[in-house]
Amino acid sequence: MPLSNQQLADIFNDIADRLDIQGELVFKVRAYRTVAENILNAPRPIADLWREGVLEQVPGVGKEIAAKIDELMRTGRLEFYERLRREVPDGVAAMLRVPNVGPKRVKEFWEKLGITSIDELEAAARAGKLRDLPRMGEKAEQKILAGIESMKRRATGRVRLGDALPIARRIVAALRQVPGVHKAEYAGSLRRGKETIGDVDIIVAASDPEPVMQTFLAQPGIAEVLAAGETKSSARLENGLQVDVRVVEPRVWGTALQYFTGSQLHNIKVRELAQKKGLTLNEYAVSKLGGKDSADGGETFEDEPTLYARLGMAYIPPELREDRGEVEKALELGPGRVVMPDLIALSDLRGDLQMHTTWSDGATDVMSMARAAIALGYEYILITDHTAGLGVVNGLTPERIAEQRKEIDRVNAQLRKEGVRFRVLQGAEVEVRGDGSLDLPDEVLSQLDLVQASVHTALTQPREKITARAIKAMQNPHVHILGHPSGRLLNEREGADYDWEALFRAALEYRVALEINADPSRLDLNDVLARRAAELGCKLSISTDAHAPDGLNNMILGVLVARRAWVTPDSVINAWPLTKLLKWANKTRA
DNA sequence: GCCGTTTTCGGCCCGACTGTTTTCAGTCG
């Protein structure tokens with residue numbers, strides 16, 4: 001049974017945690033963490049690379065780790081890991097997740113006080129037993145208790161992109177109003193468009209940090225101030241989201257924004273690169289290596305492109321900064337250029353290809369959705385109400401599809417009369433049944449402009465079965481798009497266990513587009529899978545799955561996923577003009 | 001444990017904040 005990339009990454013992260021607690025060399029620990037990250041970034045299943053004997057192609061995989069992966073793949077076990085788990089018990093490792101508790105403290109708690117679980121840690125802190133340890137005191141105890149408390153409140157440590165974005169925008173807008181503020185932006189994983197956000201990093205350019213901090217700490221919704229320094233403050237909001245604000249001088253905006261945007265792996269790579277050029281880079285400046293260390297001595301940068309250029313690199317859009325090959329590409333292109341200059345943007349999209357109306361479980365009628373889409377500047381939309389096979393909703397039957405066509409015709413006629421250049425297309429989100437058949441007959445499907453097929457049920461079918469099922473659905477010549485392919489729900493439910501390589505090859509062969517669903521809870525396909533699909537030549541669609549007019553505004557979330565997937569407009573079918581889209585839809589399949 | 005158009009050994013990104021400290025270790029990002 002081959003392990004998934006996620007499973008492998010989890011194991012290596014766990015190894016890193018336990019070695020860290022044992023006091024192992026930090027660089028060895030980092031090697032395991034880095035390899036875990038690189039495995040999650042890998043476009044292909046590590047199991048495939050293992051079969052081909054090319055494991056060491058994965059960055060960070062050397063002889064030792066390759067041997068460990070091999071043992072895991074062959075036997076499903078890893079003796080080294082089993083031993084480590086015996087040496088450092090699960091409860092001890094779990095303590096690392098408590099905020100303000102790191103490997104050194106876990107080791108102390110465990111070895112000196114015999115604490116082997118978070119519950120025991122909490123009891124010891126309450127009893128005042130931690131304060132006798134070196135560099136620990138009453139305040140440290142309180143912080144640990146607060147950390148355990150906040151951990152209990154939150155089911156997961158990460159907040160969905162779609163939830164964090166509006167909050168960050170609101171705070172940034174407030175900080176921009178503060179007198180003396182030149183610029184304010186959110187940075188970090190949010191600026192990179194990552195699907196979930198650990199915390200919100202906001203960076204502000206202002207010569208006087210004090211009023212900025214005051215305004216920030218007075219924001220509504222702050223539950224707890226975690227740190228309040230001169231130039232850096234942190235707070236936890238009532239919904240559990242942590243927000244960090246950092247104030248810098250305007251002349252260092254470029255280096256600071258780059259630094260706080262990350263990712264960590266990207267920054268490490270850029271800084272190693274700087275070192276090779278005899279330079280050192282921090283959030284304030286680029287300086288000569290070994291020279292006098294201070295912001296005054298170095299060169300400062302007011303924007304990111306000049307900074308990247310100084311390091312001999314092309315500019316790298318934030319969404320690509322994950323150490324997934326972008327640094328190498330930027331070096332190859334050189335200063336003054338841009339990595340992936342034609343990366344897809346929100347403005348490239350001409351339509352939205354998945355939305356629901358009152359014909360099934362949507363909130364409004366066809367015209368309301370059309371008007372909202374027109375206001376967004378689109379040229380077309382595809383109405384994709386659910387079919388009757390998904391029992392829970394007022395699904396479409398062949399008869400109701402015919403009725404809905406009349407309404408769509410009326411809407412198009414009305415818009416034409418108003419002189420609006422816009423087209424409402426009729427589609428459907430057809431159910432893929434457990435055996436891969438569809439719940440509408442072909443003669444009905446053939447009357448629709450575009451057909452989306454989605455798997456909603458039996459997502460836990462074994463890999464072979466569910467893969468064959470989706471492929472069978474795609475083989476239907478009337479199917480154009482596979483909707484939210486994995487079926488995952490962020491922070492709630494894992495997606496189906498597909499053989500993605502097989503699925504993508506089938507999509508390519510049967511010329512079916514794969515959706516990047518922009519619903520805040522889905523973002524499905526994810527960035528890594530979408531990148532692999534696009535790399536293989538698959539077509540994609542980016543759609544909101546809106547159930548009300550406001551839902552159409554979620555498109556940016558799907559675009560961010562697509563940008564992280566290195567996607568360009570030519571492979572996104574709803575970035576095409578209507579005529580091209582319809583021509584593609586009418587393809588005859590051999 | 002990984003990695004190498006300066007090295008197969010000796011490096012490995014960089015700094016803010018906090019709390020417990022008379023100079024810094026631990027944690028975090």
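Lettering of chains follows the sequences in order, A, B, ..., and the numbering in each one begins at 1. Remember, it's a predicted structure, so these values are computed and weren't measured experimentally.
- In terms of the salt bridge (charged side-chain N to carboxylate O under 4.0 Å, His left out) criterion, residue partners of A:D90 (sequence neighbours excluded) are, by chain and number, A:R18, A:R85.
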Please list each protein N or O that sits under 3.5 Å from an N or O in nucleotides 2-8 of chain B, with the distance.
from	atom 1	to	atom 2	distance (Å)
B:dC2	OP1	A:G62	N	2.7
B:dC2	OP1	A:G62	O	3.4
B:dC2	OP1	A:I65	N	3.1
B:dC3	OP1	A:G60	N	3.0

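- For A:T34, no side-chain nitrogen or oxygen approaches OP1 or OP2 of B:dG1 to under 4.0 Å.
- For A:D201 and A:K232, the salt-bridge test fails: no basic side-chain N is under 4.0 Å from an acidic carboxylate O.
- With 3.5 Å as the limit, one finds a donor-acceptor pair spanning the side chains of A:D10 and A:Q6.
- In this structure, A:L281 reaches the sugar-phosphate backbone alone: every heavy-atom distance under 4.0 Å involves primed, P, OP1 or OP2 atoms, never a base.
- Rounded to a whole angstrom, the distance from the C1' atom of B:dG10 to that of B:dT20 is 35 Å.
- Salt-bridge annotation for A:D497 and A:R463: present, with a side-chain N of the basic residue lying under 4.0 Å from a carboxylate O of the acidic one.
- Side-chain atoms of A:I15 and A:F80, non-hydrogen and from C-beta on, do get closer than 4.5 Å to each other.
- Atom CD in A:E108 sits about 14 Å away from atom P in B:dA25, given to the nearest Å.
- In the set B:dG1, B:dG15, B:dC13, B:dC13 carries the atom at the smallest distance from any side-chain atom of A:R30.
- Every side-chain contact (heavy atoms from CB on, under 4.5 Å) that A:P341 has, sequence neighbours left out, goes to A:V338.
- Among the protein residues, A:K28 comes within range of the nucleic acid bases, having at least one heavy atom under 4.0 Å from a base atom.
- Within the shown strands, nothing qualifies as a pairing partner of B:dT8 under the Watson-Crick or G-U definition with both distances less than 3.5 Å.
- Between A:N267 atom CG and B:dC14 atom P there is a gap of 11 Å when expressed in whole angstrom units.
- Straight-line distance from the CD atom of A:Q142 to the P atom of B:dG19: 11 Å, rounded to whole Å.
- Computed from coordinates, the A:R246 CZ to B:dG15 C1' distance equals 7 Å when rounded to whole Å.
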With 3.5 Å as the limit, what N/O pairs link the protein to nucleotides 26-29 of chain B?
from	atom 1	to	atom 2	distance (Å)
B:dT27	OP1	A:G102	N	2.7
B:dT27	OP1	A:G102	O	3.1
B:dT27	OP1	A:R105	N	3.0
B:dT27	OP2	A:K104	N	3.2
B:dT27	O5'	A:G102	N	3.4
B:dC28	OP1	A:N100	N	2.6
B:dG29	OP1	A:D199	OD2	3.3
B:dG29	N2	A:Y259	OH	2.3

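- Whole-Å rounding puts the A:E230 CD to B:dA16 P distance at 11 Å.
- In summary, A:E79 and A:R83 do not engage in a salt bridge, as defined by a charged side-chain N under 4.0 Å from a carboxylate O.
- Between A:K107 and A:D20 there is no salt bridge, since no side-chain nitrogen of the basic residue lies less than 4.0 Å from a carboxylate oxygen of the acidic one.
- Straight-line distance between the C1' atoms of B:dG19 and B:dT23: roughly 13 Å, to the nearest whole Å.
- Heavy atoms of A:A228 sit under 4.0 angstrom from primed sugar atoms or phosphate atoms, though from no base atom.
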Distance-only donor-acceptor pairs under 3.5 Å for side chains of residues 260-274 of chain A, two or more places apart:
from	atom 1	to	atom 2	distance (Å)
A:T261	OG1	A:R191	NH1	2.8
A:T261	OG1	A:L257	O	2.6
A:S263	OG	A:H266	N	3.2
A:S263	OG	A:R321	O	3.1
A:H266	ND1	A:E326	OE2	2.8
A:H266	NE2	A:Y308	OH	2.9
A:N267	OD1	A:Q258	NE2	3.3
A:N267	ND2	A:Y259	O	2.9
A:K269	NZ	A:D323	OD1	3.2
A:K269	NZ	A:E328	OE2	3.0
A:R271	NH1	A:L281	O	3.4

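- Applying the ring-ring contact (aromatic ring centres under 6.0 Å, His included) rule to A:Y81 yields no partners; only residues at least two apart in sequence or on another chain are considered.
- Using a 4.0 Å heavy-atom distance criterion, A:K107 is classed as making no nucleic acid contact.
- Nucleotides B:dG26 and B:dT21 are separated by 13 Å at their C1' atoms, to the nearest Å.
- Put simply, CG on A:L265 is 14 Å from C1' on B:dC12, counting in whole angstrom units.
- Taking atom CG of A:D20 as the reference point, atom P of B:dG1 lies 14 Å away to the nearest angstrom.
- Rounded to an integer number of Å, the gap from CG of A:L279 to P of B:dC14 is 11 Å.
- Under the 4.0 Å criterion applied to side-chain N and carboxylate O atoms, A:E71 and A:R77 are not assigned as salt-bridge partners.
- Applying the 90° cutoff around 0 to the glycosidic angle, B:dT7 is assigned syn.
- Mapping A:F27 and A:T231 onto DNA chain B via the closest heavy atom, the residue that lands nearer the 5' end is A:F27.
- B:dT7 sits 14 Å from B:dC2 when the C1' atoms are compared, rounded to a whole Å.
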